[in-house]
Amino acid sequence: MIKINKYSTLFIVLFIWLTVASVYACRSVWFHRSSDHWGQLQYAEIIVREDRVPTPREGWITYNPPLYYSINSLLFPESIKGDKNLHINSVRAMSIIYGAITIVFMWWLLNLINVNSFAQMVSLLFISTTPMFVFEFATYNNDSLALMVGIATVSVSYALSQKWSVVLAVLLFVLALAGYFTKYTYIWCIIAISILCLLSILRFKLPDPSHRKIVFIFLLTFIIFFSKWLFSHNYYHTGKLLPFNDETLFIQKLDIQKILQNASTRLKLPVLQEPSTVWKEPFIYPHGGLVSKRGNYWSYSFVSSVMAEWIYTKPHIIFIWSMLLIHLVANVFGFLQIFKGNTPRLAFALIMLANLLQAAHILRLRDDTGLGFAMAYRYISWAWIGWVVLYAFALSGKLKILNWLFGFILTSGIINHIYFLMTVEGDDYF
């Protein structure tokens, strides 16, 4: 096995991350492969021009919490009023920094669980060069900050569960507040961690004191968020705690029969319960059609976790298919790690809870064109922290031949990722 210092590992991974993400950002238009980009910019514009936070229904995505946009408003605010390029590019650069911080927290967690440096490097590079990961951290979108804070929250929570620290507890408090005030889907991250902390209740045992303290921090920060934002801002302006830009997408009344019907059609087994036409092309086509994967959450989430919802004209489609195949094999290797102990089982549980929470969300949605986008992996992308743990365990098993085989597969994926990012063209949904 390759021997390398853990700090050298971090340096190498960060160097490759900053190089790949920066080159990709420079060769891509700011609004390519980005969701609601003009609405994201509009939010910061209102803050800068009018020195206030917009009301929930003032713009397309002004229902979002304000932290991400408040930070953005500090980055060359004068350029927002004229030539916006300087402001936009500075925000994208900040997103790349968020990505670097995210990698540091993942690296820290892998060190906490004593994973060797070879496994750290390969697993971190595989995740951080995945096109979807780069898209998240190279565009103008609050997903970047939400992803960073989510992964940091998981890492700090795990550290506190192993050894309580006042400093880390304060950090968790700050992260939780930041997460709530960045994006509502961060609450799913909090729910998943809280469930894992309270699992012992199912065995009629009190949770460990550290677990109870973690949940208490989450509750305390949520109370602050509720009083300072959900009630005093959202409810004050709209009469609703969680207003959205298109609330007609939801089933208006709790209809159990309709939800069960949705479950039978949206949670099908990939390939086996899908029309053969769905997998004639690798893309998602979120608006529908014979090759669309919007009818199945699992297929949609898997593909979007690798390359988002977009359709690409370059590189050649064989590189796109091979990328999906490598990720499928990696996921299988990752799932097999649940037999190796408590830590990989926790990582697996975190991933599954994230997906089940997202799946429960889409069961409340009506079947229209908005359904596909609600299945996007970006809403639960903090679950990558679970995958990096599973990949690292798969790379550090007792059988060296399997470690090297899996390392070869992931390294092939890393090369494929980088080639894709350096040559990609196209950013359409259709």
Side-chain angles (χ1 to χ4, degrees), residues 14 17-18 21-22 24-25 30-31 33-48 53-54 59-77 80 87-106 108 127-128 130 132-157 171-190 192-193 218 221-222 224-225 228-230 233 308 354 376-385:
L14 287 177
W17 160 252
L18 292 171
S22 298
Y24 168 77
W30 78 276
F31 51 81
R33 302 160 209 121
S34 174
S35 301
D36 298 326
H37 40 271
W38 291 112
Q40 301 279 336
L41 178 60
Q42 179 195 32
Y43 201 127
E45 282 185 292
I46 294 172
I47 294 175
V48 170
V53 173
W60 179 245
I61 52 95
T62 54
Y63 60 86
N64 276 324
L67 180 60
Y68 174 76
Y69 311 99
S70 297
I71 295 172
N72 290 355
S73 69
L74 302 176
L75 301 174
F76 299 100
I80 292 181
H87 168 75
I88 290 168
N89 290 334
S90 67
V91 171
R92 295 183 75 188
M94 180 63 77
S95 291
I96 292 174
I97 293 172
Y98 293 153
I101 296 171
T102 301
I103 290 169
V104 172
F105 273 104
M106 290 194 291
W108 179 51
I127 292 290
S128 62
T130 296
M132 178 58 171
F133 189 94
V134 179
F135 297 163
E136 290 266 77
F137 288 112
T139 53
Y140 197 123
N141 195 289
N142 64 344
D143 288 324
S144 60
L145 184 58
L147 171 53
M148 184 199 82
V149 176
I151 283 179
T153 301
V154 174
S155 299
V156 174
S157 296
L171 177 57
L172 184 63
F173 180 90
V174 173
L175 287 171
L177 269 184
Y180 288 134
F181 279 95
T182 298
K183 192 164 187 172
Y184 295 126
T185 50
Y186 172 79
I187 294 174
W188 297 350
C189 179
I190 294 299
I193 298 171
F218 292 154
T221 49
F222 180 77
I224 295 171
F225 175 62
K228 296 296 184 180
W229 183 257
L230 295 183
H233 180 80
Y377 188 78
R378 64 191 180 94
Y379 297 116
I380 55 168
S381 50
W382 46 267
W384 265 318
I385 188 69

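Starting from 1, each residue takes its place in the sequence as its number.
Residues satisfying the side-chain hydrogen bond (donor to acceptor under 3.5 Å, both in side chains) test with Thr139, not counting sequence neighbours, are none. The side-chain contact (heavy atoms from CB on, under 4.5 Å) check on Trp60 picks up Asp36, Asn245, with sequence neighbours excluded.
Side-chain atoms of Phe137 and Trp17, non-hydrogen and from C-beta on, do get closer than 4.5 Å to each other. Counting heavy atoms from C-beta on, the side chains of Val149 and Trp382 never come closer than 4.5 Å. Residues Ile96 and Leu18 meet the side-chain proximity criterion, which asks for heavy atoms closer than 4.5 Å. Inter-residue side-chain proximity for Tyr98 and Met94 is flagged as met; some heavy-atom pair is nearer than 4.5 Å. Side-chain atoms of Phe133 and Thr102, non-hydrogen and from C-beta on, do get closer than 4.5 Å to each other. Side-chain contact between Ser73 and Tyr43 is absent, with no heavy-atom pair separated by less than 4.5 Å. At least one side-chain heavy atom of Leu14 sits less than 4.5 Å from a side-chain heavy atom of Val104.
Taking a 6.0 Å sphere around CZ of Phe76, one finds it holds 12 or fewer heavy atoms contributed by other residues, nucleotides or ligands.
Between Trp108 and Phe105, the ring-plane angle classifies as perpendicular under the 30° and 60° cut-offs. Relative orientation of the Tyr184 and Phe225 rings is tilted, given thresholds of 30° and 60° on the angle between their planes.
Asn142 contributes atom CG, which lies 14.0 Å from atom OH of Tyr186 (distance to the nearest 0.5 angstrom). The line from NZ of Lys228 to CZ of Phe181 is 8.5 Å long, rounded to the nearest 0.5 Å. Met148 contributes atom CE, which lies 7.0 Å from atom CG of Leu175 (distance to the nearest 0.5 angstrom). Here the OG-CD distance, from Ser381 to Glu136, works out to 4.0 Å after rounding to the nearest 0.5 Å. Note that CZ of Arg92 is 14.0 Å distant from CG of Leu75, once rounded to the nearest 0.5 Å. Atoms CG and OG, on Asp143 and Ser34 in that order, are 8.5 Å from each other to the nearest 0.5 Å.
Between Ala44 and Tyr140, the shortest heavy-atom distance links the atoms CB-OH, 3.4 Å. Ile88 approaches Leu41 most closely through the heavy-atom pair CD1-CD2, 4.2 Å. The minimum heavy-atom distance between Phe173 and Ile224, with the atom names listed, is CZ-CD1, 3.8 Å. In this structure, Val53 and Ile47 approach most closely via the heavy-atom pair CA-CG1, 4.4 Å. Heavy atoms only, all atoms of each residue included: Phe135 and Ala308 are closest at CD1-CB, 3.9 Å. When all heavy atoms are compared, the tightest approach of Cys189 to Gly150 is SG-O, 3.8 Å.
Checked against the 6.0 Å centroid threshold, Phe222 and Phe218 do not count as a close aromatic pair.
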Candidate pair Asn141 and Arg378, rule side chain to side chain contact (heavy atoms under 4.5 Å, CB included), full reasoning = CA-CA 11 Å; Asn141 195 289; Arg378 64 191 180 94; 4.1 Å; yes
request  = Would you please test Gln40 and Tyr68 for side chain to side chain contact (heavy atoms under 4.5 Å, CB included) and show each step?
outcome  = CA-CA 9 Å; Gln40 301 279 336; Tyr68 174 76; 3.9 Å; yes
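A donor-acceptor contact shorter than 3.5 Å is absent between the side chain of Asn72 and the backbone of Val91.
Remark: of the listed residues Ile193, Thr221, Thr153, Thr153 is the sole one forming a side-chain contact (heavy atoms from CB on, under 4.5 Å) with Leu172.
A donor-acceptor pair shorter than 3.5 Å can be found between the side chains of Asn64 and Tyr69.
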